[in-house]
Each structure stands twice: as C-alpha cells, then as structure tokens.
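Reviewing the structure listed below.
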Amino acid sequence: MKNSSVVIAPASKKQEMYINHTADVVIFGGGAGSGKSYLGAMDFLKYTDDPKFRALVTRRINPQIHGPGGIFETFLNLHREVYGEKLRVKKRDGVLEYPSGASITFRHCQYEEDKHSFQG
C-alpha cells in the first residue's frame, strides 16, 4: 500500500500535461537535467499497485542505470518515499519489487545482440 501522506506532483504545466495524458504514445523531450527521468519515475507510480504490472526501463550502458545519479537511483529515491521499506530492492538484478507484486526491471541495451536478453 502506498504511503498516503507523501505528495508527489509535477513541477511544471508541461509535466502536468504529460502525467495526465490519455494517449497511447507520448513524446516528451528536454535537455539534460530537465526532469524527464524523474517524470518517468513519477508516472510509473500510477501502476505499482497493480499486481500484474511489469515494466522495463532501458539505458544504453549500465553506468547510466546504476552509476551515481542514474535512472535506478532516481526511481529508488522517489519510490522509497512512497513505499518506504516495503519496496524490495534487488540492486544486483536491477529490479524494484512492490508490495502488490508489481515490478520494474532496469537493463542496458547497447548492442544489437543485447535485444536477445529481453526475450521472454
């Protein structure tokens, strides 16, 4: 169950438009440090109470995932604010597991042959 005392909200009108979108595909851009990764982490919170929810977050190289300030850290910090210690963290496997059973997996995909790592 989510921590109902934590308020997480978009920081701008454009972020609010993204969070409230109803389209199947949304393209959102901006320069480095504009909040795209944080916005993505925020958006995923809409689905983490669904036990069937599975997500995959990719970056080109592993340091972009697990390095300081990487996407894994961004998700972990934000989602820990909501779930606290109920969020299971498997850093070595690059997986966040939620009390509902939902999960988000983080993987790199630099080379053409890396696509075979995602077959199910």
Side-chain angles (χ1 to χ4, degrees):
M1 175 166 243
K2 292 181 183 178
N3 180 347
S4 60
S5 65
V6 175
V7 176
I8 297 171
S12 70
K13 184 68 175 167
K14 284 185 179 183
Q15 287 186 357
E16 184 178 340
M17 289 170 60
Y18 172 83
I19 288 295
N20 294 323
H21 73 82
T22 57
D24 291 334
V25 176
V26 177
I27 298 172
F28 191 90
S34 65
K36 297 180 302 292
S37 294
Y38 188 84
L39 186 61
M42 187 187 324
D43 193 40
F44 277 40
L45 284 169
K46 292 191 258 184
Y47 310 103
T48 53
D49 282 337
D50 179 350
K52 295 180 182 177
F53 179 68
R54 302 291 179 272
L56 174 67
V57 176
T58 61
R59 290 292 187 263
R60 189 173 59 83
I61 56 175
N62 203 47
Q64 294 172 325
I65 298 170
H66 292 291
I71 191 72
F72 189 85
E73 185 178 279
T74 299
F75 270 71
L76 177 59
N77 291 341
L78 179 61
H79 292 209
R80 242 310 133 71
E81 284 186 47
V82 176
Y83 288 101
E85 295 303 315
K86 293 179 181 177
L87 178 66
R88 287 190 57 201
V89 180
K90 296 181 176 181
K91 187 166 184 174
R92 186 168 192 232
D93 297 329
V95 177
L96 298 177
E97 292 181 342
Y98 298 82
S100 68
S103 67
I104 301 174
T105 302
F106 298 79
R107 296 277 188 271
H108 74 279
C109 191
Q110 182 172 7
Y111 302 109
E112 180 73 20
E113 61 269 13
D114 290 340
K115 69 183 178 187
H116 300 293
S117 300
F118 302 104
Q119 295 178 349

Look up atom [atom1] in [X] and atom [atom2] in [Y], then write down how far apart they are to the nearest 0.5 Å.
{"X": "K36", "Y": "Q15", "atom1": "NZ", "atom2": "CD", "value": "10.5 Å"}
{"X": "H66", "Y": "K91", "atom1": "NE2", "atom2": "NZ", "value": "7.0 Å"}
{"X": "I65", "Y": "R59", "atom1": "CD1", "atom2": "CZ", "value": "8.0 Å"}

Single-linkage hydrophobic cluster [X]~[Y], side-chain heavy atoms < 4.5 angstrom:
{"X": "L45", "Y": "Y47", "result": "yes"}
{"X": "V95", "Y": "V82", "result": "no"}
{"X": "Y18", "Y": "M42", "result": "yes"}

Would you mind writing out the side-chain donor-acceptor pairs for residues 70-79 within the sub-3.5 Å range, not counting sequence neighbours?
residue, atom, partner, partner atom, Å
E73, OE2, G69, N, 3.1
T74, OG1, G70, O, 3.2
N77, ND2, E73, O, 3.3
H79, ND1, Y98, OH, 2.5
H79, NE2, A41, O, 2.8

Kindly give the heavy-atom pair with the smallest separation between G101 and R54, and that separation in Å.
O-NH1, 3.1 Å
Nearest atoms (heavy-atom pairs only) where S100 meets P51:
O-CB, 3.1 Å
For a quick test of your reading: what N or O donor-acceptor pairs under 3.5 Å do the side chains of residues 21-32 make, sequence neighbours left out?
residue, atom, partner, partner atom, Å
H21, ND1, A23, O, 3.3

If you look only at distance, which donor and acceptor atoms sit under 3.5 Å apart when one is on a side chain in residues 103-112 and the other is two or more places apart or in another chain?
residue, atom, partner, partner atom, Å
R107, NH1, D93, O, 2.6
E112, OE2, K115, NZ, 2.7

Taking side chain as C-beta onward, heavy atoms only, is Y83 less than 4.5 Å from L96?
no
Main chain of I19, side chain of K46: is a donor-acceptor contact present, judged purely on distance under 3.5 Å?
yes
